[in-house]
Amino acid sequence: MKNDAAPIRVMMTKLGLDGHDRGVKIVARVLRDAGIDVIYAGLHRSPEEVVTAAIQEDVDVLGVSLLSGAHMPLFGKVLDLLREKNALHITVVGGGLMPDEDVAKLKEMGVADIMRQDSTPEQIVATIRRVVAERSDA
Amino acid sequence: MAKVAPMDLVAGVLKGETVPIARLLSCAEAADDASRPALARIFEHTGKAHVVGITGVPGSGKSTLTAVLAEEFANSGRKVGIIAVDPSSPFSGGSILGDRIRMADIAMNPNVFIRSMATRGAMGGLSRGCLDAVDILDAAGFDLILIETVGVGQDEIEIVQAAHTVIVASAPGLGDEIQAIKAGVLEIADIHIVTKCDRSDSNQTIRELKGMLKMGDLTKFIEGWEPKVIGTSSLRREGIAELAAAIDGHRSYLETSGEIVARRRKISETRMLKIAESLIRKRFYEERLGSISELCGQMERKMIAPDAAARQLLARINGE
Ligand code: B12
Ligand SMILES: Nc1nc2c(ncn2[C@@H]2O[C@H](COP(=O)(O)OP(=O)(O)OP(=O)(O)O)[C@@H](O)[C@H]2O)c(=O)[nH]1
Ligand SMILES: [Mg+2]
């Protein structure tokens with residue numbers, strides 16, 4: 001059980017060449033202000049780097065922000081690596097800019113949820129709490 | 001995936017497997033009673049690692065230094081575990097842990113494991129569960145454990161109760177700050193680092209620091225170890241090999257002089273007493289809530305002095 005003694009841990013990061021970092025920083029602050037521990041892993045990371053870091057940090061949620069349009073291959077790679085490294089206990093949540101049809105596909109592939117533009121702080125916090133509560137091993 | 005019991009992670013930790021190590025670290029951080037037996041088993045396998053604390057004012061370059069130092073050790077084949085502590089927000093209890101960003105170059109090194117921890121209300125520059133985390137990394141076979149404390153100012157010197165070798169990082173251009181922190185933090189250093197020595201004002205800082213150490217408390221000289229002052233540039237990777245050698249030198253000094261025995265004893269003692277303190281506090285609240293409010297009431301009416309009230313509380317918990 002996740003309780004007060006064990007705050008939720010979320011890693012926030014961006015993959016590839018995408019330099020739009022306003023969103024990822026805002027989300028990090030929103031989550032911190034909701035009592036969550038946020039590990040900020042920075043920009044321009046590779047899928048290998050974030051998966052390695054997420055496993056070492058044992059985060060509940062790996063949050064990836066993407067506005068570059070390269071979300072399909074990048075999320076695919078992240079999910080493959082988590083599977084390969086026996087780390088599917090880590091939930092992936094996405095955010096940023098992507099079309100409806102891609103959101104549907106990403107959810108099918110295993111991304112727990114996608115929060116796009118105009119998501120309110122309340123919605124973001126509620127979504128993170130919900131996906132953590134839904135974790136089968138939490 | 002089924003919920004993993006802490007005890008089931010122990011075997012994997014002892015084999016040095018990443019996922020069990022990471023998950024048991026979370027149990028240690030949660031500090032729930034359910035993980036005590038597993039942590040006790042882990043404790044039996046500790047005592048091999050050398051624990052290095054890296055402290056200094058905010059922004060002095062601790063994370064960047066920790067990363068290049070870890071790389072130096074890892075490249076010579078040693079396994080390095082890093083615990084990077086950042087502060088929790090006193091308002092929400094949440095945190096943004098950013099030390100890892102400075103460690104990107106070593107994040108994929110197979111000899112390096114990095115874990116970020118939030119202070120969670122713990123005072124003194126370390127996190128709650130930090131010493132249990134050190135145990136886990138030690139038992140998992142890491143040769144060196146580097147603890148980066150939160151940025152400290154005056155008296156957050158708890159790192160001396162956790163580390164065998166303490167490094168204090170000072171940045172150039174912070175002359176006044178060095179003055180300000182000398183009372184507490186500078187005196188705990190086994191090794192002083194002046195960081196960012198690619199900057200032109202660094203020589204002056206080294207001079208000032210050396211001058212201040214000459215004037216200061218000399219107990220460490222008497223003990224036989226003269227705190228070194230080393231200039232480093234993490235950007236240019238200068239002074240890093242020298243620092244690694246100084247850490248190994250300090251370790252051999254501790255062992256040949258027998259000083260390590262005293263340090264270990266100090267660490268055991270403070271660790272045990274702190275746990276005992278928190279257990280007593282917990283018992284007060286669980287068993288003596290009535291007594292607490294009764295005695296507070298008496299204090300407010302000036303019927304009993306604070307010291308006498310505390311003694312009565314203690315007497316009551318010892319089963320009157
Ligand atoms: C500001 C901006 C910039 C700034 C970025 C400043 C910065 N440091 O962030 C600058 C001027 C630098 C810039 C540059 C470029 N940009 Co620009 N930029 C924008 C713009 C106008 C707004 C983005 C923004 O900051 N939004 C505000 C933040 C807060 O919103 P957000 O990131 O979506 O985050 C929210 C949610 O999505 C969610 N969220 C986000 N991530 C996550 C993650 C998780 C886990 C969760 C739960 C939630 C979550 O929470 C946030 C709060 O609600 C958009 C247009 C638009 N309407 O989006 C274009 C846009 C993103 N840019 C675009 C382009 C093309 C570029 C450039 C390539 C332009 C060029 N040719 O040079 C460069 C590339 C820069 C780079 N290295 O990547 C395109 C992208 C097109 C695409 N994806 O196919 C856009 C859509 C404009 C357009 N219509 O063409 N850009
Ligand atoms: N010029 C120069 N800048 C450096 C060097 N090392 C670190 N810095 C810069 O100093 C700033 C702080 O570095 P950090 O390593 O994050 O410092 P820190 O002490 O860990 O900071 P906190 O964890 O926030 O207390 C960053 O902007 C670094 O890029 C160096 O060797 N030379
Ligand atoms: Mg730091």
Side-chain angles (χ1 to χ4, degrees), chain A residues 1-14 21 24-60 81-91 121 125 128 135-138, chain B residues 1-5 9 12 17-35 81-84 86-89 91-110 112-121 127-129 133 136-137:
Chain A
M1 272 300 283
K2 280 274 161 186
N3 53 27
D4 282 354
I8 296 172
R9 287 169 73 82
V10 176
M11 178 168 287
M12 287 299 301
T13 190
K14 291 184 66 73
D21 64 354
V24 72
K25 286 182 171 159
I26 289 174
V27 173
R29 258 177 272 137
V30 162
L31 295 178
R32 178 203 53 198
D33 293 343
I36 290 171
D37 280 345
V38 180
I39 295 112
Y40 184 52
L43 322 183
H44 305 314
R45 297 278 94 94
S46 70
E48 287 80 4
E49 283 173 329
V50 299
V51 168
T52 300
I55 291 172
Q56 291 183 357
E57 298 287 357
D58 191 35
V59 290
D60 302 289
L81 284 166
L82 285 172
R83 207 168 291 123
E84 194 183 296
K85 292 178 190 272
N86 202 11
L88 287 175
H89 52 278
I90 295 171
T91 304
V125 171
I128 296 294
R135 268 174 57 162
S136 47
D137 70 325
Chain B
M1 189 168 172
K3 184 175 163 62
V4 192
L9 297 167
E17 292 169 8
T18 305
V19 171
I21 293 170
R23 303 207 81 182
L24 196 58
L25 284 170
S26 302
C27 298
E29 217 179 359
D32 51 0
D33 290 346
S35 50
I82 297 174
I83 299 170
D86 264 335
S88 297
S89 156
F91 305 106
S92 72
S95 62
I96 296 181
L97 310 174
D99 291 325
R100 191 176 251 283
I101 306 175
R102 310 269 180 227
M103 305 185 184
D105 286 353
I106 52 158
M108 297 296 286
N109 191 312
V112 177
F113 182 103
I114 307 170
R115 182 64 175 237
S116 312
M117 292 181 96
T119 52
R120 307 248 175 101
S127 56
R128 196 177 68 189
I136 292 167
L137 295 176

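In what follows, every chain begins at residue 1, and chains take the letters A, B, ... in the order their sequences are listed.
Ranked by heavy-atom pairs under 4.5 Å with chain B, the first of A/Ala28, A/Gly42, A/Gly35 is A/Gly35. Between chain A and the options B/Ala104, B/Gly93, B/Ser116, B/Ala107, the largest number of non-hydrogen pairs under 4.5 Å is found for B/Ser116. By number of non-hydrogen pairs under 4.5 angstrom with chain A, the leading residue of B/Ser95, B/Gly129, B/Ser89 is B/Ser95. Interface remark: of the candidates A/Ile39, A/Leu43, A/Asp33, A/Ile39 forms the most heavy-atom pairs closer than 4.5 Å to chain B. Interface check for chain B: of the options A/Thr52, A/Ile36, A/Ile55, the most heavy-atom pairs under 4.5 Å are formed by A/Ile36.
Taking all atoms of both residues into account, the shortest heavy-atom contact from A/Arg32 to B/Ile96 is CB-CG1, 3.8 Å. Nearest heavy atom pair, residue A/Gln56 against residue B/Arg115, reads O-NH1, 2.9 Å. When all heavy atoms are compared, the tightest approach of B/Ser92 to A/Ala34 is CB-N, 4.4 Å.
Here the side chains of A/His89 and B/Val19 are in contact, with some heavy-atom distance below 4.5 Å.
In this structure, the side chain of B/Arg100 does not engage the main chain of A/Tyr40 through any donor-acceptor pair within 3.5 Å.
Interatomic distance, B/Ile114 CD1 to A/Glu57 CD, rounded to the nearest 0.5 Å: 8.0 Å. Rounded to the nearest 0.5 angstrom, A/Asp58 CG and B/Cys27 SG are separated by 8.0 Å. Atom CG in A/Asp37 sits 6.5 Å away from atom CD in B/Glu29 (nearest 0.5 Å). Interatomic distance, A/Arg9 CZ to B/Met117 CE, rounded to the nearest 0.5 Å: 7.5 Å.
Both the backbone and the side chain of A/Arg29 come within less than 4.5 Å of a heavy atom of chain B. Proximity to chain A (any heavy atom under 4.5 Å) is shown, for B/Phe113, by both the backbone and the side chain.
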